[in-house]
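Report on the following structure.
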Amino acid sequence: MSVNLRHIEVFRAVMTSGSVSGAARLLHTSQPTVSRELARCEQLLGLALFERSRGRLRPTQQALQLFAEVERSFIGLERIVGSAAAIRQFAGGQLAIACLPVFAQTLLPAACADFVAGFPDVGIDISPQESPWLEDWLAAQRFDLGLTEQQQAPAGCQTQTLWQGDEVCVLPAGHPLAAKRRLEAADFAGLSFISLAASDSYRQQVDAWFAREGVSRRMQLSSHSAASVCAMVRLGLGVAIVNPLTALAEAGDGLVARPLAASIPFSVQLALPQYRPASPLPGRFADSLRRQAAAQERLLAALLA
């Protein structure tokens, strides 16, 4: 006899609920059945998954490692089940979109509103992911279209430039630099500066600009999320340089944006996988993206004027 899906379901239920009784409730079965299947799972795997003390189960390090793998597998299964449900529900079609998290928070919501107005029966599934995994997803033809910052097209994809701009400075409302129309590197000398993560390519370009200009900042806080950076700026923890779409989304309510004297280019690339089944829907959604990108460009120009 080998390990089967039922054994894994029992193990997952115990890990999720924290007890045999809780697992029994989740699985709509009896506690003796859960105990028996769990013991059999341990025997077949050759692993001690739980320490048993006074009727309580405590997961071992081996159990924690196995659970992480089980969760990845179940997420994949749940995605398949969810896709099937979406196909049943949306007879008018289904769009799968992959993008960087920044675009899921800024450009895509407005594009979805524009698209749904014309195609109310089409389902849209948005999957945010960071590079380089995003480009791997697109190359694998798993999505109908994608939004990336990479100029080079992922394998098996065509790309179009959807939007171009420059990184901008965000400041707390009332900050002395807010009185200036354009900020030089020297304006940041000695200021508390909130950065993106050290691995971020835009962070690296910003640091290179200040290095060339010989300007030192007080570096204390950093985040992988531009929205998080803006939230910290709003609280007066420092100033920052972020992408213009996030700056536009976050501006107001104690936050202002100003252009920089130097150009640190930021672009949005529309990626269209070439080997997906033919459908007019990706093209229609791309039209919505172009309209919203143009609208964002106009709003940003007004914000920085």
Side-chain angles (χ1 to χ4, degrees), residues 1-52 56-90 93-105 108 123-148 154-157 197 199 224-225 271 273 275-277:
M1 182 178 178
S2 59
V3 174
N4 58 39
L5 181 59
R6 181 60 175 177
H7 296 130
I8 301 303
E9 287 177 335
V10 167
F11 167 69
R12 183 177 187 241
V14 173
M15 290 292 290
T16 302
S17 65
S19 68
V20 169
S21 59
R25 287 192 296 271
L26 284 176
L27 298 173
H28 304 290
T29 189
S30 66
Q31 294 184 40
T33 298
V34 170
S35 296
R36 183 175 62 251
E37 294 290 350
L38 185 61
R40 186 61 175 154
C41 179
E42 290 181 298
Q43 179 186 10
L44 291 171
L45 291 173
L47 297 174
L49 298 176
F50 295 93
E51 296 174 356
R52 293 160 173 83
R56 299 178 65 87
L57 297 180
R58 177 174 297 177
T60 64
Q61 184 61 39
Q62 292 174 320
L64 294 174
Q65 290 178 267
L66 181 62
F67 184 60
E69 189 62 37
V70 167
E71 283 298 274
R72 282 192 287 270
S73 299
F74 269 80
I75 287 171
L77 178 61
E78 288 167 359
R79 180 175 176 83
I80 293 171
V81 173
S83 295
I87 291 169
R88 289 195 304 271
Q89 183 177 0
F90 297 107
Q94 180 80 5
L95 269 175
I97 301 170
C99 64
L100 291 172
V102 62
F103 301 136
Q105 298 164 358
L108 272 173
I124 303 172
D125 180 69
I126 297 171
S127 297
Q129 181 58 279
E130 297 286 358
S131 294
W133 299 281
L134 169 63
E135 288 71 30
D136 289 343
W137 281 5
L138 294 171
Q141 310 293 301
R142 292 172 56 185
F143 295 86
D144 296 301
L145 56 84
L147 293 177
T148 177
C157 298
S199 59
H224 284 270
S225 164
Y275 304 112
R276 295 279 293 177

>> As an exercise, state the distance from CZ of Arg6 to CG of Asn4, rounded to the nearest 0.5 Å.
In response: 9.0 Å
> For the residue pair Val34 and Ala23, what are the closest heavy atoms and their distance?
Replying inline: CG1-CB, 4.0 Å
>> Would you compute the distance between atom CD of Glu42 and atom CG of Leu47 and round it to the nearest 0.5 angstrom?
In response: 8.5 Å
>> With a 3.5 Å distance limit and no angle check, can you tell me whether Gln129 reaches the backbone of Ala98 through a side-chain donor-acceptor pair?
In response: no
> At their closest point, which heavy atom of Ser199 faces which heavy atom of His224, and how far apart are they?
Replying inline: OG-CE1, 4.0 Å
>> Any heavy-atom pair between the side chains of Leu57 and Arg52 that's under 4.5 Å?
In response: yes
>> If you apply the rule side-chain contact (heavy atoms from CB on, under 4.5 Å), what do you find for Cys99 with Leu108, and how did you get there?
In response: CA-CA 9 Å; Cys99 64; Leu108 272 173; 3.4 Å; yes
> Minimum heavy-atom separation for Leu26 to Ala13, with atom names?
Replying inline: CD1-O, 3.9 Å
> Got a sec: does the CZ of Arg142 have more than 12 other heavy atoms crowding it under 6.0 Å?
Replying inline: yes
> Can you tell me how far the CG atom of Leu27 sits from the CD atom of Glu37, to the nearest 0.5 Å?
Replying inline: 10.0 Å
> Roughly how far apart are Glu71 CD and Thr16 OG1, rounded to 0.5 Å?
Replying inline: 5.5 Å
>> Please determine whether salt bridge (Lys or Arg N to Asp or Glu O under 4.0 Å) holds for the pair Glu69 and Arg72, giving the CA-CA distance in whole Å, both sets of side-chain angles, and the decisive distance to 0.1 Å.
In response: CA-CA 5 Å; Glu69 189 62 37; Arg72 282 192 287 270; 2.6 Å; yes
> Donor-acceptor pair, Asp144 side chain versus Ala96 backbone, under 3.5 Å?
Replying inline: yes
> Say you draw a straight line from OG of Ser2 to NE2 of His7; how long is it, rounded to the nearest 0.5 Å?
Replying inline: 8.5 Å
> What is the minimum heavy-atom distance between Gln141 and Cys157, and which atoms define it?
Replying inline: NE2-SG, 4.4 Å
> Is any side-chain heavy atom of Leu64 less than 4.5 Å from a side-chain heavy atom of Met15?
Replying inline: yes
> Hey, are the side chains of Phe11 and Leu45 touching, using non-hydrogen atoms and a 4.5 Å cut-off?
Replying inline: no
> Aromatic rings Phe143 and Trp137: how do their planes relate, parallel, tilted or perpendicular, breaks at 30° and 60°?
Replying inline: parallel
> Nearest heavy-atom pair of Phe67 and Arg12: which atoms, and what distance?
Replying inline: CE1-CG, 4.0 Å
> What is the minimum heavy-atom distance between Pro101 and Pro128, and which atoms define it?
Replying inline: CA-CB, 4.0 Å
> Once you round to the nearest 0.5 Å, how far does OG1 of Thr60 lie from CG of Leu66?
Replying inline: 9.0 Å
